[in-house]
A.B. asks: 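Take this structure, written in structure tokens, and hold onto it; I'll ask about it next.
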Amino acid sequence: MKPLPQAILDQAGLWHARNGAQRVATIATGYPELDRQLPGGGWPLGALTELIVGQYGIGELRLFLPALSALSRRHDRRLMWIAPPHEPYAPALAAAGLDLSRHLVVRPEQSRDVLWAAEQGLRSGYCAAVLLWTERLSDREARRLQLAAESSAAWGLIFRPPAAAREHSPAALRLHMSVGSSGRRLQILKARGGQPAVLDGLHWLAH
Amino acid sequence: MSRLQEKSLPLFSIPDEQSLKPACDAAPVSPFASPVPRPVLWLAVHLPRLGLEVFGHNDGPLIVVTGQGAARRVWIPNDTCMAAGIRPGMSLNAAFALLPDLRAAERSPLREQQTLEKIATRLGRFSPRISCDAADMVLLEVQGSLRLFGGLERLCGAVRDVLSESGYTMQLALAPTPLAAAWLARAGEEKPVLETEQLPGRLGGVPLSCLDWPEQLQGTLAGMGIYTLSDCLRLPRDGFARRFGQQRLDILDRALGRQADPRQAFTPPAYFEDTLDFDFEVHTASALTPWVSCLLSRLQAFLLPRQLAVERVSFELAHNGHSSTRLPLGLASPSCDGAYIGGLMAVILERLVLPAPVNALHLRSGIPLPLRQDSAGLFDTDSDQPADQHGLRELLGRLRVRLGDAAVYDTNLVAEHRPEAAWRRGRADGDVVAPVSVMRPTWMLDVPRALEIVRERPWYRGFLRIESGPERIETGWWDDAPVSRDYYIAANPDGARFWIYRERRKAARWFLHGVFG
């Protein structure tokens, strides 16, 4: 396509489609290669990010740890981990630079309390990020969490099983992580204000 | 009578008569009395209808009766009964004849005493010196509180507000001695007496029935034509003491401020306890919310003036014909904020299913602790930072109430080589522990999981291929959980990486201990 003449682009009354995305507050992922692919140059704050992952142990936390560590040092707000599949190992988190005084683990016994706790955390304004592991999440529930995240500019991070990839979701960013023949692979399924992309052979997730 | 009067001095001088000074040598003078006594002012809060008001405030016809058997008499009728013509002193049968559907309650001195103490506790914010010796009266020494509460009128107004909010009828009076204030309040004399010198004159018109003296004595005095205090004060001192006892003379001396009247100070209870009895039944838990907040605002009024806070409260719902429901509530940190505790209770109530309708609500606090107040910074430069940690505590409190104390925790490092002991739940103990520099997994299994061995190789969702290791951890020989392990980082065919170890003792088994998430 032929680019538009600069004189038209400079007109004050013209709205650029890319501008919408640039207004979203983001936090750098810590991986420049990934930042370049994401609208706003990082993880969107005040919104939901969904990571679809088939098995644990392929670097699914490593992906978010630099941003979580930065958030934990930036404000006096908590990082709330709700219903993690195993114990988040404090020495490893501290070694990655996370401030443990901001770290908070919540383990509800019943699955319906998981979403309740997540909404409380996102809505309160006292959580910089809420990490959530859940098997099921209906569209309506996801919308509620999205609204809660918007209301307090918190980062809602949801880990979901592969079956969720087929469902519709209001999350601002949806990712799928897997291991292929050429190493770790991260698919951007949906990015509000951006475009789907695939990043392959991600050595920095494997160490 | 008149002959007696001629012979000796009158009992007390009446100011307008300008008679001789009374004989004060009988009164003990404290050796510690300062030459200029500190002025005192007693506020008497008289509750004339307390005996009725302890049975609630509804409009149905209700009388409180005293006496036994056939001698049972109406003691206090409520307004509905008064309108129907029932008067105090009427026989019970006569009252029933006037209003067949009235409810008659036996006088309950115990309930009166409890209610009076509750009132005294609530009035505790007005004075540190409170006396509630009489059955229908609370006395407060208020001279020292006048400036704080902005003068007499405002103080009395505030006292009235506290009591009328709960529907109590009251009469207030002010005098320099507790007895004088009490008698004036019973007589309905609301104009304050501020000077001791005015007492004999102002007390003069008080009828003797306000004095708590036995009826027989009042009858004797009435037979002598003595109905008011001024009649009494004209009697000669020695004759009065001989006929009616030195005690009675002392009482008059105390009331007029000529003798010290030490009072035992009322001590408020150590913890808060209150009950709301409903005249109706509450069928849903959420409908209890306004009553819960009512009790909690009383709790706050109990705690705040004493600078106390509680860590635990316990609600009890009484049911008709069913054992009561207890709702204990632990707070994340001590609080005296009724609204905050109310918010936590709302979380409990919204999930509570009542086994039976509720007819009473009871609140009891845990042992109060000193309140710690944090002040916010004067210049709040970082707008991102919440100005106070109150909201965070509130969030944690809500989570703990619904999910249980153990379900919400923070983590900290422990200086320890055993991986499972290198962290712990809960607060840091103050030690600064440097994070480990060697590679550690982000996920840790609560209990190491024994790995299958297939063809002499550890297997977990496929054969595990060892990427690096071993890292030998051999420690803890001094306690009962020694470890001696070789740790490896291993990957399975799907590309997931694990932290596994082989025991160096016993059977040399393989275990999965962590996951590199």
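Throughout, a chain's letter reflects where its sequence line sits, starting with A, and its residues are numbered from 1. Being a predicted model, the structure only gives us computed values, none of them experimental.
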A.B. asks: Please identify, among A:Leu100, A:Leu65, A:Leu104, A:Val105, the residue contributing the most non-hydrogen atom pairs under 4.5 Å to chain B.
C.D. replies: A:Val105
A.B. asks: Taking every non-hydrogen pair under 4.5 Å, which of B:Val515, B:Asp446, B:Asp494 racks up the most with chain A?
C.D. replies: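 Most heavy-atom pairs under 4.5 Å with chain A: B:Asp494.
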A.B. asks: Report the option among A:Gly54, A:Pro88, A:Pro108, A:Ala117 that has the most heavy-atom pairs separated by less than 4.5 Å from atoms of chain B.
C.D. replies: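 Answer, by heavy-atom pair count under 4.5 Å with chain B: A:Pro88.
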A.B. asks: If we define contacts as heavy-atom pairs under 4.5 Å, which of A:Ile82, A:Leu93, A:Val106 has the most with chain B?
C.D. replies: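 Looking at each option in turn, the highest pair count goes to A:Val106.
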A.B. asks: Check the pair B:Trp499, B:Tyr487 against ring-ring contact (aromatic ring centres under 6.0 Å, His included), reporting the backbone distance first and the verdict last.
C.D. replies: CA-CA 7 Å; B:Trp499 206 42; B:Tyr487 276 92; 4.0 Å; yes
A.B. asks: Looking only at atom types and distance, does a side-chain atom of A:Thr26 sit under 3.5 Å from a main-chain N or O of A:Gly40, one as donor and one as acceptor?
C.D. replies: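 Looks like yes, one N/O pair under 3.5 Å.
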A.B. asks: Hey, what's the ring geometry for A:Phe64 with A:Phe159, parallel, tilted or perpendicular (30° and 60° as the breaks)?
C.D. replies: perpendicular
A.B. asks: For A:Ala47 versus A:Ala149, what's the shortest heavy-atom pair and its separation?
C.D. replies: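 Looking at all heavy atoms of both residues, the closest pair is N-CB, 3.9 Å.
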A.B. asks: Mind ranking B:Pro419, B:Gly514, B:Gly404 by heavy-atom pairs under 4.5 Å with chain A and telling me who comes out on top?
C.D. replies: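 Among B:Pro419, B:Gly514, B:Gly404, the one with the most close pairs to chain A is B:Pro419.
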A.B. asks: Do B:His513 and B:Arg485 touch side chain to side chain, with heavy atoms closer than 4.5 Å?
C.D. replies: yes
A.B. asks: Has A:Lys190 got a side-chain atom pairing as donor or acceptor with A:Ala171's backbone, closer than 3.5 angstrom?
C.D. replies: yes
A.B. asks: If I measure from the heavy atoms of chain B, does A:Gln120 come under 4.5 Å with its side chain, its backbone, both, or neither?
C.D. replies: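 Contact with chain B involves both backbone and side-chain atoms of A:Gln120.
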A.B. asks: Select, from A:Ala90, A:Ser124, A:Pro91, A:Ala95, the one with the greatest count of heavy-atom pairs under 4.5 Å involving chain B.
C.D. replies: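 Most heavy-atom pairs within the cutoff with chain B belong to A:Pro91.
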